[in-house]
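One structure is given here, and the rest of the page talks about it.
We name chains A, B, ... by the order of the sequence lines, and we start the count at 1 in each one. Everything quoted here is computed from the prediction, not taken from an experiment.
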There are 2 protein chains.
Amino acid sequence: MVSKSKMDGSIGAKNKQKILAAAEKAFATYGFKGTSVQQIADEAELPKTNILYYFKSKQGLYAALLQDIMSLWNSRFDQVTENDDPAESLADYINDKMTMSRTHPQASKIFAMEVLNGAPYLHKYFRSEHVAWTDGRIEILNHWIKQGKMKAVDPQYLLFNIWACTQHYADFSSQITSLRGKAMKRADFDEATRQLIQLVLSGCGLSVPKKYQESAE
Amino acid sequence: MVSKSKMDGSIGAKNKQKILAAAEKAFATYGFKGTSVQQIADEAELPKTNILYYFKSKQGLYAALLQDIMSLWNSRFDQVTENDDPAESLADYINDKMTMSRTHPQASKIFAMEVLNGAPYLHKYFRSEHVAWTDGRIEILNHWIKQGKMKAVDPQYLLFNIWACTQHYADFSSQITSLRGKAMKRADFDEATRQLIQLVLSGCGLSVPKKYQESAE
DNA sequence: AAAAAAAGTGACTAAATGGTCAGGAAATTG
DNA sequence: CAATTTCCTGACCATTTAGTCACTTTTTTT
């Protein structure tokens, strides 16, 4: 009676996943407007009407996908406290974000497009959870600075710059691939991560933790 | 007989400019697919057919606009030689790029979208002029490193990271504005520029030139 | 196994949109 | 001023596309 349905491991849940995966690929490649429901259907190997059956509309599908994507944005940095080590915490954060760019470039691209277009679907999120998260991190960074554990950089701009660099390797991969003549592999990402950690930590007056000094962790 | 036309200061040139400005605004806000020729026409206060009269097609207009945009990408860093000072050269470059993000955010967004979508129109440019420019800059940076003028960072990733950070302030302005509660003004950009210069130069083992140490230049 | 709920789909529609075309107005030129 | 070129535009069209609907099939529940 109380239909548990839909969210079960049932057939519906499987198809929803299939559709979301297809939508992620299509939206990341062609953008929201540039993707037709038919394309997603083809990619998912399902009839178009079936897409609209599970998600009320193209927008509904996009919103659901965006929510999925935002849940990937978590990292060890969420749990950091002022008692943790700045160098290791920041290095881990950069490493986590670089790993995301390598393993989920499509998600990063969709996020980037959403923000580029004025973030109509993420406005709410930005002004609530996201601002809370950011303020919390800034507080910790300021604490570290006050304690003399790191150089007095502006924590806000530091975070912006970390986001910028890490996401860049996913979002601008086509430019990077063209310039390098070949796509970045795992080893290249590891090297880029080490370079970025070195740049940021030096800039913050911190020394690079051993595990990020030579080969990857 | 030899029609000089079109490129004159004539009425056509004026309208083309008007259309390009309208297209820049529209494409930056809604993307290529998300913008209709009618929207551009409304923005330019011209009938739709007039747009198609000056530019053969929507794609033609986009291509023309993109070419315009790419010509903005020049900076003092283009003329730098190995005899120049690394700290000042890099600081100036970062400053130039930040200024671009502040004064031409729409151009930056259109470029970002183009690259996000796989850079179909810029592939050629990337693989010719752009790779030549980049290789030239890398050579100079390597020269500085060999001479012990700066820390041995990977010049390629250094450039990527500079592009990422500077463009971020234009491309992700909606996120930044949401988090800060207000848009970044001139003074905020100056502060962000100083912070970034400090971060990058420290990371390269360079000291910040006086003109970028306190208030803006 | 009957009933009910969920899954699935082909045919269709209404709206949006890029682009064409024929003809006319205005400007420029000889 | 006549001729030529440039400029301009309303009417129209072909295509794409999100979404609806009526109806069938499959799965689950009782």
**OP:** List the steps, then state whether side-chain contact (heavy atoms from CB on, under 4.5 Å) holds for I40(A) with L46(A).
**Re:** CA-CA 9 Å; I40(A) 298 171; L46(A) 289 171; over 6 Å; no
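- One donor-acceptor pair, N or O on each side, does fall under 3.5 Å between the base of dG18(C) and the side chain of K48(B).
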Original post:
Base, backbone or nothing for each nucleotide of nucleotides 21-27 of chain C, written B, S, -, heavy atoms under 4.0 angstrom, 5' to 3'?
Top reply: B------
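- Distances shown here put a side-chain N or O of Y53(A) below 4.0 Å from the OP1 or OP2 atom of dA7(C).
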Per-pair distances, 0.1 Å, donor-acceptor, side chain in residues 98-105 of chain B, under 3.5 Å, sequence neighbours excluded:
| unit_1 | atom_1 | unit_2 | atom_2 | d |
| --- | --- | --- | --- | --- |
| T99(B) | OG1 | N95(B) | O | 2.8 |
| S101(B) | OG | T166(B) | O | 2.7 |
| T103(B) | OG1 | T99(B) | O | 2.9 |

**OP:** Please lay out, stage by stage, how H130(A) and L122(A) fare under the test side-chain contact (heavy atoms from CB on, under 4.5 Å).
**Re:** CA-CA 10 Å; H130(A) 192 35; L122(A) 292 179; over 6 Å; no
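- Nearest nucleotide to the Y54(A) side chain, out of dT6(D), dT20(D), dA7(C): dA7(C).
- One interatomic measurement links the two molecules: NZ of K14(B) to P of dC8(D), which rounds to 12 Å at whole-angstrom precision.
- A heavy-atom distance below 4.0 Å to DNA chain D is reached by these residues of residues 30-47 of chain B, ordered by number: P47(B).
- If you check the side chains of Y121(B) and Q59(B), you find a donor sitting under 3.5 Å from an acceptor.
- Side chain to side chain, H168(A) and Q167(B) fail the donor-acceptor criterion of an N or O pair below 3.5 Å.
- Here dC7(D) presents its C1' atom at 14 Å from CZ of F55(B), a figure rounded to the nearest Å.
- Interface residues of residues 57-65 of chain B facing DNA chain C, ordered by number: S57(B), K58(B); criterion, heavy-atom separation under 4.0 Å.
- Side chain to side chain, D84(A) and S89(A) fail the donor-acceptor criterion of an N or O pair below 3.5 Å.
- For the pair K18(A) NZ and dA7(C) P, the computed distance is 14 Å after rounding to whole Å.
- A donor atom on one side chain and an acceptor atom on the other are found under 3.5 Å apart for Y62(A) and E114(A).
- Sorted by first and then second residue, the side-chain hydrogen bond (donor to acceptor under 3.5 Å, both in side chains) pairs involving residues 18-34 of chain A (not counting sequence neighbours) are K25(A)-E43(A).
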List, one per line, each side-chain donor-acceptor pair under 3.5 Å for residues 65-75 of chain A, sequence neighbours excluded.
| unit_1 | atom_1 | unit_2 | atom_2 | d |
| --- | --- | --- | --- | --- |
| S71(A) | OG | D68(A) | O | 2.6 |
| N74(A) | ND2 | S71(A) | O | 3.0 |
| S75(A) | OG | F77(A) | N | 3.0 |

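- A side-chain N or O of D92(B) and one of Y212(B) form a donor-acceptor pair less than 3.5 Å apart.
- At whole-Å resolution of the value, NZ in K16(A) and C1' in dA7(C) are 12 Å apart.
- Between F160(A) and Y169(B), the two ring planes are perpendicular [angle over 60°; tilted spans 30° to 60°].
- In this structure, L52(A) places its CG atom 17 Å from P of dA11(C), rounding to the nearest Å.
- dA11(D) atom C1' lies 16 Å from atom CG of N50(B), rounded to whole Å.
- An OP1 or OP2 oxygen of dG8(C) is reached within less than 4.0 angstrom by a side-chain nitrogen or oxygen of N15(A).
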